[in-house]
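To start, the structure under review is shown below, and the notes come after it.
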Amino acid sequence: MSEPIRTGGCQCGAVRFRTSGKLGRPSICHCRMCQKQFGGLFSALVTAPDEGMEWSRGEPSYFQSSVNIERGFCKNCGTPMTYRHPGGLELAIGTFDDRSDLAPQIQVNYDARIPWVETIFDQRIHKEPDFYARQEAIISFQHPDYDTAIWPTEGVEHD
């Protein structure tokens, strides 16, 4: 049985990818470089297939973060997309259109984690109904979670 085709991309839609091979093990990395690349508490990555990985629109730009590591991102919107190392390419789980079955199975660089990261989901949940109604009124320029034939890389023009 062949692996399903998966698609994904950056927030603005300028960079899109397609995979058709078996993905590796999804992981969370707590290292400081991943925290900075993602602007978050950790990164969530999955290994791209050795074959069957293609950029279907554009390609990431890369920053060499260390001697043998390059970190890919969309030069238009800044979305962190890849972690490229001598052993292969990792894709940011958040960039996949369907992420539902990519739950991380391992944490790496655990000793570098932010100590309170383990309790973030113990915090109270914001449930103000008016807040969510206001969110629905936002006009989004984010690319949808599926491939499109074309997509504008910039929002509407302002006067």
Side-chain angles (χ1 to χ4, degrees), residues 1-123 125-126 135 140-153:
M1 185 171 139
S2 65
E3 292 294 319
I5 292 176
R6 293 177 173 269
T7 58
C10 67
Q11 188 170 19
C12 76
V15 179
R16 297 281 300 162
F17 64 84
R18 183 176 298 116
T19 67
S20 59
K22 182 171 174 50
L23 297 173
R25 179 179 60 199
S27 65
I28 290 174
C29 181
H30 293 281
C31 82
R32 185 63 179 132
M33 284 188 190
C34 280
Q35 291 171 1
K36 290 183 96 168
Q37 178 190 15
F38 283 79
L41 309 176
F42 47 79
S43 68
L45 300 159
V46 64
T47 307
D50 291 333
E51 295 181 22
M53 168 65 199
E54 67 176 292
W55 298 105
S56 54
R57 183 183 304 143
E59 289 190 18
S61 294
Y62 285 91
F63 168 69
Q64 187 165 357
S65 62
S66 63
V67 171
N68 57 0
I69 305 297
E70 293 179 308
R71 295 168 184 273
F73 60 95
C74 173
K75 68 180 178 182
N76 291 355
C77 66
T79 300
M81 299 189 72
T82 69
Y83 171 83
R84 190 162 60 184
H85 54 90
L89 180 71
E90 307 277 330
L91 297 169
I93 291 172
T95 62
F96 281 82
D97 294 334
D98 180 6
R99 304 153 308 285
S100 61
D101 63 341
L102 296 176
Q105 298 172 4
I106 189 170
Q107 298 180 66
V108 297
N109 294 303
Y110 185 74
D111 290 341
R113 77 190 180 290
I114 297 170
W116 49 261
V117 76
E118 295 173 22
T119 63
I120 58 176
F121 297 109
D122 296 340
Q123 307 314 309
I125 297 171
H126 185 255
Q135 296 301 305
S140 174
F141 301 120
Q142 182 167 293
H143 190 277
D145 284 340
Y146 53 84
D147 281 337
T148 58
I150 58 169
W151 185 258
T153 57

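Along the sequence shown, residues are numbered consecutively beginning with 1.
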Over 12 non-hydrogen atoms of neighbours within 6.0 angstrom of CG in Asp145: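 Buried by this count: over 12 neighbours within 6.0 Å.
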Determine whether [X] and [Y] make a side-chain contact, defined as any pair of heavy atoms from C-beta on separated by less than 4.5 Å.
X	Y	answer
Met81	Val15	yes
Pro49	Ser20	no
Ile28	Leu45	no
Pro26	Ile93	yes
Cys34	Arg71	yes
Arg32	Asn109	no
Gln11	His143	no
Leu89	Thr47	no

Residue pairs involving residues 69-109 (criterion ring pair (Phe, Tyr, Trp, His ring centres under 6.0 Å); sequence neighbours excluded):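 Counting only pairs at least two positions apart or across chains, the ring pair (Phe, Tyr, Trp, His ring centres under 6.0 Å) contacts touching residues 69-109 are Phe17-Phe96, Tyr83-His85.
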Test: [X] and [Y] ion pair at under 4.0 Å:
X	Y	value
Glu118	Arg113	yes
Asp147	Arg18	yes
Arg6	Asp101	yes

Test side-chain contact (heavy atoms from CB on, under 4.5 Å) applied to Ser61 and Cys74, step by step: CA-CA 6 Å; Ser61 294; Cys74 173; over 6 Å; no
Stepwise side-chain contact (heavy atoms from CB on, under 4.5 Å) check, Thr82 with Glu70: CA-CA 8 Å; Thr82 69; Glu70 293 179 308; over 6 Å; no
If you round to the nearest 0.5 Å, how far is [atom2] of [Y] from [atom1] of [X]?
X	Y	atom1	atom2	result
Tyr110	Cys31	OH	SG	15.5 Å
Asp97	Thr7	CG	OG1	3.5 Å
Leu41	Ile120	CG	CD1	5.5 Å
Lys75	Thr79	NZ	OG1	14.0 Å

Contacts of type salt bridge (charged side-chain N to carboxylate O under 4.0 Å, His left out), residue Glu51, not counting sequence neighbours: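 For Glu51, no residue satisfies salt bridge (charged side-chain N to carboxylate O under 4.0 Å, His left out) once neighbours in sequence are set aside.
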Nearest atoms (heavy-atom pairs only) where Leu23 meets Thr19: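 The pair with the smallest heavy-atom distance is CD2-OG1, 4.2 Å.
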Distance-only side-chain donor-acceptor flag, Gln105 / Arg25, under 3.5 Å: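 There is no such pair (donor and acceptor under 3.5 Å, judged by atom type) between the side chains of Gln105 and Arg25.
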Check: Arg16/Thr148 side-chain N/O donor and acceptor closer than 3.5 Å: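 The answer is no; no qualifying pair exists.
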For [X] and [Y], indicate whether the former's side chain and the latter's backbone hold a donor-acceptor pair under 3.5 Å.
X	Y	value
Glu54	Ser56	no
Gln35	Ser43	no
Glu59	Trp55	no

